[in-house]
2 protein chains.
Amino acid sequence: MKDPDISEVAKQSGVPASTLRYYEEKGLIASNGRRGLKRTFDPGVFEKLGLIALGRAAGFTLDEIAAMMSPDGPRIDRKRLIEKADELDEKIRQLTAMRDGLRHASACRAPSHMECPSFRRILRAATVGRIAAPASAAPGK
Amino acid sequence: MKDPDISEVAKQSGVPASTLRYYEEKGLIASNGRRGLKRTFDPGVFEKLGLIALGRAAGFTLDEIAAMMSPDGPRIDRKRLIEKADELDEKIRQLTAMRDGLRHASACRAPSHMECPSFRRILRAATVGRIAAPASAAPGK
DNA sequence: GCTTGACCTCAAGCTGGCTTGAAGTGGCAA
DNA sequence: TTGCCACTTCAAGCCAGCTTGAGGTCAAGC
C-alpha cells in the first residue's frame, strides 16, 4: 500500500496542497520522499493534520503547534493546555457578554440606542477596554 | 471649553494618536478643525470611540462599523445585531467545546494523548472541520 | 518521442488594523 | 528670533497564515 502523495492527502484531508507545502516548510509535517516530483507522506500525516486543526482551533499559533509536535507522537505540555483553557474561558466570558449586549440592543425599543441604559452600560464597558477586540473578524477563507 | 486635540483624546481614550488618524482617514471619526497643526475633536468623539471598541469587540470590521455610524448618532441595523449575536453563539459553542477538550487532555492520564478516547474524539471533530480555527490567536499590539 | 498537465520552487501578494519612519510645519518659549 | 518639539503627511512595514503567479520539471499517455 503506497504512501499517499500530496494530492491524495489534500483530497482526503481537505487541506489544500499549497497549505500542505507550507506546513512542511514550517516543519509541522514532513514528507517521506517523492514519487517523481510529488511528495509522498506517511499515512500518519492525517493524524498530524488533525492535531494541527485542533491546535489552531484552540488558538495555538503554527509555531506553538510545531513546538509541541515531537518526532514520535505529540508530546503536549499539560500546563500549556490549562493556560489555553483559561484563556478560552476568558474569551468565552467576553463573547458571552458581547452577545447578550447585542441581543439586548437588537430588542431594545428606546428611540435611539444611546438612550438605552443597558446599551450605555455595555458601551462604557467597551470604552474602558473591559471587552477586548477579537483578533480579527473573519479573515481567512 | 475648548475641543480636545488629538493628544488629549489619545490620552483620555487610550487610543493612540496614530490610530485616531487612521480612524479619521477611514471615516470612522471626524475632526472638527485644527489648532495649529493639531486636529481638534468634538467631545462626542469619545462616545464614538466607545462604539468603535464595542463594534470591534462584537466582531464587526471597521468598514462595517463605519457603515453603521450615520452622521447623527449611531443608527444600527437590528437585524445585523442579531446575526452577529448568532455568530457569537456559534463561536462560543466551539470555544466551549475546545476548552473542555483542553481541560480533559490536560487531566487525562492515558500514557499518550493519542491513546485517550476522549482526545481522539475531539481530534476527529477537529479533523473533519467541525471545530473552526479562530480568526487568529492574538495578533495586535 | 513528444505533448500534456499536474506537480515543483521561489518570490510576491493578500487581509485587517494598525505602527513606524522620513521629511515637513507650526506654535510657543527663551 | 530662533530653536525646539510635538504634531503633520505619506508611504511602507508588520503580523499570521496562507494563496497566487511565473517559470521549470517530470511521469505518463498517445
Side-chain angles (χ1 to χ4, degrees), chain A residues 2-11 13-41 49 51-67 126 129 132-141, chain B residues 2-11 13-41 48-49 51-67 69 126 129 132-141:
Chain A
K2 293 187 302 182
D3 286 336
D5 69 26
I6 189 169
S7 41
E8 288 156 357
V9 173
K11 189 178 297 181
S13 68
V15 178
S18 64
T19 305
L20 293 174
R21 278 190 289 269
Y22 178 68
Y23 283 176
E24 187 185 8
E25 191 183 309
K26 282 235 133 190
L28 287 158
I29 59 177
S31 74
N32 61 5
R34 300 279 174 128
R35 254 201 312 277
L37 273 184
K38 295 166 149 180
R39 289 155 174 78
T40 57
F41 293 93
L49 289 174
L51 284 168
I52 293 168
L54 183 61
R56 296 264 304 118
F60 290 97
T61 66
L62 292 184
D63 285 345
E64 287 175 314
I65 294 167
S136 100
K141 66 179 328 188
Chain B
K2 292 186 304 182
D3 286 336
D5 69 26
I6 190 169
S7 40
E8 287 157 358
V9 172
K11 188 178 299 182
S13 67
V15 177
S18 63
T19 304
L20 293 174
R21 277 191 288 269
Y22 177 68
Y23 283 176
E24 186 184 10
E25 191 183 307
K26 281 235 136 189
L28 286 157
I29 57 177
S31 75
N32 62 4
R34 300 279 174 127
R35 255 201 312 277
L37 273 184
K38 295 166 148 179
R39 289 156 173 78
T40 57
F41 293 93
K48 284 206 171 185
L49 288 174
L51 284 168
I52 293 168
L54 183 61
R56 296 263 304 117
F60 290 96
T61 66
L62 291 184
D63 285 346
E64 288 175 313
I65 294 168
M69 307 244 271
S136 106
K141 75 180 328 187

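First the proteins, then the strands, lettered A, B, ... as listed; each starts at 1. Note: hydrogens, waters and symmetry copies are ignored here, and every other heavy atom, side chains too, is used.
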Quiz prompt | Minimum heavy-atom distance A/G59-A/E64, with the two atoms named | solution = O-OE1, 4.2 Å
Exercise. Counting heavy atoms from C-beta on, name the nucleotide in D/dT8, D/dT19, D/dC7 closest to the side chain of A/Y22.
Key: D/dT19
Quiz item: If you check the B/L62 side chain, which of D/dC18, D/dA6, C/dG17 turns out closest?
Solution: C/dG17
Exercise. Before giving the answer on side-chain hydrogen bond (donor to acceptor under 3.5 Å, both in side chains), spell out for A/D5 and A/S7 the whole-Å C-alpha distance, their side-chain angles and the decisive distance to 0.1 Å.
Key: CA-CA 6 Å; A/D5 69 26; A/S7 41; 2.8 Å; yes
Quiz item: Within the side chain of A/R35, is there an N or O that forms a donor-acceptor pair under 3.5 Å with the backbone of A/K38?
Solution: no
Quiz item: To the nearest angstrom, how far is A/L20 atom CG from C/dC8 atom P?
Solution: 9 Å
Quiz item: Heavy atoms, side chains only, cut-off 4.5 Å: are A/F60 and A/I65 in contact?
Solution: yes
Practice problem: Identify which nucleotide among D/dT8, D/dC18, C/dC8 has an atom closest to any side-chain atom of A/R34, counting heavy atoms from C-beta outward. | Solution: C/dC8
Self-check item: Rounded distance (nearest 0.5 Å) linking atom OH of B/Y22 with atom CG of B/L28
Solution: 8.5 Å
Exercise. For A/R39 and C/dC8, give me the distance from atom CZ to atom C1', rounded to whole Å.
Key: 7 Å
Practice problem: Using whole Å, report how far CD1 of B/I52 lies from P of C/dG17. | Solution: 11 Å
Exercise. Just report the end-to-end axis angle for the helix from C/dG1-D/dC30 to C/dA30-D/dT1, five pairs per end, to 10 degrees.
Key: 30°
Quiz prompt | Nearest-nucleotide pick for B/T19, side chain only, options being D/dT9, C/dA6, C/dT19 | solution = C/dT19
Practice problem: Nearest-nucleotide wise, let me know which of B/A17 and A/D63 is further upstream toward the 5' end of DNA chain D. | Solution: B/A17
Quiz prompt | Rounded interatomic separation in angstrom, taking CD1 from A/I6 and C1' from D/dC26 | solution = 15 Å
Quiz item: Just by protein heavy atoms under 4.0 Å, how would nucleotides 20-30 of chain C read 5' to 3' in B, S and -?
Solution: B---BBSS---
Quiz prompt | Sub-4.5 Å side-chain heavy-atom contact between A/N32 and A/D3 | solution = yes
Practice problem: Go through C/dT19, D/dT19, C/dC7 for me and flag the one nearest to the B/P16 side chain. | Solution: C/dT19
Quiz item: Side-chain contact, heavy-atom cut-off 4.5 Å: A/L20 with A/L49?
Solution: yes
Practice problem: Kindly indicate whether the side chain of B/I52, heavy atoms from C-beta on, has any atom under 4.5 Å from the side chain of B/I29. | Solution: yes
